[in-house]
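For this chain, numbers begin at 1 and follow the sequence in order.
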Amino acid sequence: MNIQDLLLKDVMIMDLQATTKEGAVDEMIAKYQAAGVITDATLYRKDILAREAQSSTGIGEGIAMPHAKDSAVQRATVLFAKSQNGVEYDALDGQPVYLFFMIAAPEGANNTHLQALAGLSSLLIKPQLVADLKQAQTPDDVQALFAKAQAAKDAEDAQEAAKEAAQTAIATDDTKPFIVAVTACPTGIAHTYMAEAALKETAAKMGIDIKVETNGSEGVKHRLTADDINRATGVIIAADKKVEMPRFDGKHLLNRPVIDGIKKPQELIQKTLDSEGTIFHATEATTGQEADADKKSLWSRVYQDLMNGVSNMLPFVVGGGILMAISFLLEQTVGAHSTTFIFLNSLGNNAFNFLIPVLAAYIAISIGDRPALMPGFVGGYMASQATASVLSSKSPAGFLGGLAAGFIAGWVIVGLKKAFKNLPQTLDGLKPILIFPVLGLLIVGFIMFFMVNPIFAQINLWLSTFLTHLGAGNALLLGALLGGMMSVDMGGPFNKAAYTFAIGVFTTTKDGSLMAAVMAGGMVPPLAIAVAATLFKNKFTGSERKQAFANYVLGLSFITEGAIPFAATDPLHVIISSVIGSAIGGGLTQLWGITVPAPHGGIFVAPLANHGLLFVLAVLIGTFVSALILGLWRPVAKEI
């Protein structure tokens, strides 16, 4: 596939009008949708912004490469856009962006597509190409410049391949320094290959031999062999996601974000040659991110570990919960002894049986990596069993005990790794197959059986009793609090804390009242923005109104994140109005005694509620209160 097959002339924007980051993204997405490259602008935009949230794709030197890979994309395409005056894009060098390359990759992109995208990305480190593109006037000019650059790169690659073949054929003790590197970014489309190209080009200029392994969308390419690693002076990891690390045990290693591979290749190579990287020990860390873990705040690390557990648990919650809720709905017509009811209900219950073990296991694996999986899983299972305690109890430790099991198992394995880090090398093989499994399980099991389960079983029992006898006034306040928390950060720690608490109560008591509160609270923000943009058109720009319309669907589906772009640009008005409306919606669900026996689904699971119409009314009241506050309070928009 040629570069011209990706850089379509009919999706180029030679005079981008937007002056803000959000405006530029929207203008390019609109072009994609008009050309039929994408079918769902909302989904594609969500994934573009999710990538930007990880780190800006404004890589500096006036270039930005927003990219996403999802089911909305119909064909692999690169949209070229040029701004005359520049766009403030939160670029890593703080400078305006003039050249944009918005990459759209289909969810099932084949290797041909991915290789072409990788090749295109690697060309953008050429300063002359960038300078020429800034002067390009027509789409034909752009295609011609890339064709010329690609031809030059093909010639360079051929020379390099011939040189490598000659070196392989001739046994020589070449004294040139040799280093190895790994590049990886979360989506594996652009930055991975730009970092590879920058490191290889800089190494050639410095007279250094380098081999770069890429962990991209098409898998691992140019995998480093044991001989490569042994010969290397040091290792450069330029990655924003996990890479295979134990193989670098004992080597000087620099661990940096992928953008440093693009922007600071000479610095990374020189520091590696000078052995400035710390000596990596596989027994102490197994991922690229853990080497810099001490730079993160304690809360950031705890939240990351917790979210790893919650995200892996959610498919069990959603799948099992909705099937169970459907079974209750069918029970009213087919009866409790029907095969249909028994099948759906038991299937949902079987999925629910894994909630706490999976939660604990993946919290543990986030902390202690793979050796922590088994003790975390068993600790979570013990938390779900009332009999797994030294004290007799009718209640298991439950969701809270599972959280504790995950963190305990993870840190137990971290402690064991440190305790046995000086084990003779001949005995290293015993650690993953004997020492960690046996001692990890023994320690975690002991703590759970004699300490965690007895304590948390009582807490869980008290919580169940408290919720059972909760007065109407207290229930209303709790519902309002949980509903409001769903809007504080719209998918962040407060939102996840409220949702996780409701799931914990749901799994323990099978009472869906608090699920009703958090679902109503989470539906309000996107719906309120959509309603406000409809009723108060002068308070929103044209592009905002178009984007807000999609929030009707997102809000009805209980996808709170649809409100994030609006909260990011106008946090004061959007967040405060959303919290008020969500608190009202959540409180009303408790005032009217509404329960929703499903953990997700929004309006589509309303028929499963005991008072479906009242649930819809609670959401509508919260939505219109929030929409009115936002519409009356927000200043008149200025069209760009």
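Side chains of Leu133 and Tyr98 form no contact here, defined as non-hydrogen atoms less than 4.5 Å apart. In this structure, the side chains of Leu273 and Ile208 come closer than 4.5 Å at one or more pairs of heavy atoms. Within the 4.5 Å cutoff, the side chain of Ser582 has heavy atoms near those of the Pro525 side chain. Pro66 places a side-chain heavy atom less than 4.5 Å from the side chain of Ile48. Counting heavy atoms from C-beta on, the side chains of Leu79 and Phe100 never come closer than 4.5 Å. Taking 4.5 Å as the limit, every side-chain heavy atom of Val78 sits out of range of all side-chain heavy atoms of His67. Taking the side chain as every heavy atom from C-beta outward, Phe80 and Val11 never approach each other to under 4.5 Å.
With Gln137 contributing its side chain and Gln135 its backbone, the two residues share a donor-acceptor pair below 3.5 Å. Between the side chain of Asp260 and the backbone N or O of Arg256, no donor-acceptor pair lies under 3.5 Å. Between the Tyr32 side chain and the Met102 main chain, a donor and an acceptor come within less than 3.5 Å of each other. Without hydrogens or angle criteria, Asp132 side chain to Leu129 main chain gives no donor-acceptor distance under 3.5 Å. Looking at Thr214, its side chain never comes within 3.5 Å of a backbone N or O of Thr183 through a donor-acceptor pair. For the pair Asp274 (side chain) and Glu276 (backbone), a donor-acceptor distance under 3.5 Å is absent. For Arg634 (side chain) and Lys539 (main-chain N/O), a donor-acceptor pair under 3.5 Å exists by modelled atom type.
Here the CD atom belonging to Gln17 is positioned 8.5 Å from the OG atom belonging to Ser83, to the nearest 0.5 angstrom. We find the CD-OG1 distance between Glu27 and Thr19 to be 10.0 Å, quoted to the nearest 0.5 Å. Thr57 OG1 to Met65 CE: the interatomic distance, rounded to the nearest 0.5 Å, is 8.5 Å. Here CD1 of Ile529 is found 11.5 Å from OG1 of Thr534. Values are rounded to the nearest 0.5 Å. A distance of 9.5 Å separates CG in Leu628 from CG in Leu630, rounded to the nearest 0.5 Å. The OG1 atom of Thr233 sits 12.0 Å away from atom CD1 of Ile269, with the distance rounded to the nearest 0.5 Å.
Lys546 NZ: 12 or fewer foreign heavy atoms inside a 6.0 Å radius. Heavy atoms of other residues, nucleotides or ligands lying less than 6.0 angstrom from CD of Gln266 number 12 at most.
Salt-bridge formation is detected for the pair Glu201/Lys205: a Lys NZ or Arg NE/NH1/NH2 atom is positioned less than 4.0 Å from an Asp or Glu carboxylate oxygen. Between Lys69 and Asp47, none of the side-chain N atoms (NZ, or NE/NH1/NH2) sits under 4.0 Å from a carboxylate O, so this pair counts as no salt bridge. The existence of a salt bridge linking Lys82 and Asp15 is excluded, since no basic side-chain nitrogen approaches an acidic carboxylate oxygen closer than 4.0 Å. Electrostatic pairing of Glu22 and Arg45 does not count as a salt bridge here, judged by no charged N lying under 4.0 Å from a carboxylate O. The existence of a salt bridge linking Glu213 and Arg247 is confirmed by a sub-4.0 Å separation between a basic side-chain nitrogen and an acidic carboxylate oxygen.
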Going through the checks in order, is the side chain to side chain contact (heavy atoms under 4.5 Å, CB included) test met by Ile210 and Lys200?
-> CA-CA 7 Å; Ile210 188 171; Lys200 290 171 70 174; 4.2 Å; yes
Step by step, would you call Ile229 with Lys251 a side chain to side chain contact (heavy atoms under 4.5 Å, CB included)?
-> CA-CA 8 Å; Ile229 297 169; Lys251 304 295 294 188; 4.0 Å; yes
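Ser578 and Ser487 share no side-chain donor-acceptor pair at under 3.5 Å. No side-chain donor from either of Thr39 and Tyr44 sits under 3.5 Å from a side-chain acceptor of the other.
Figure legend: Arg231 and Phe178 shown as a cation-pi pair, the cationic atom lying under 6.0 angstrom from the six-membered ring centre and within 45 degrees of its axis. Lys21 forms a cation-pi arrangement with Tyr89, by the criterion of a distance under 6.0 Å to the ring centre and an angle within 45° of the ring axis.
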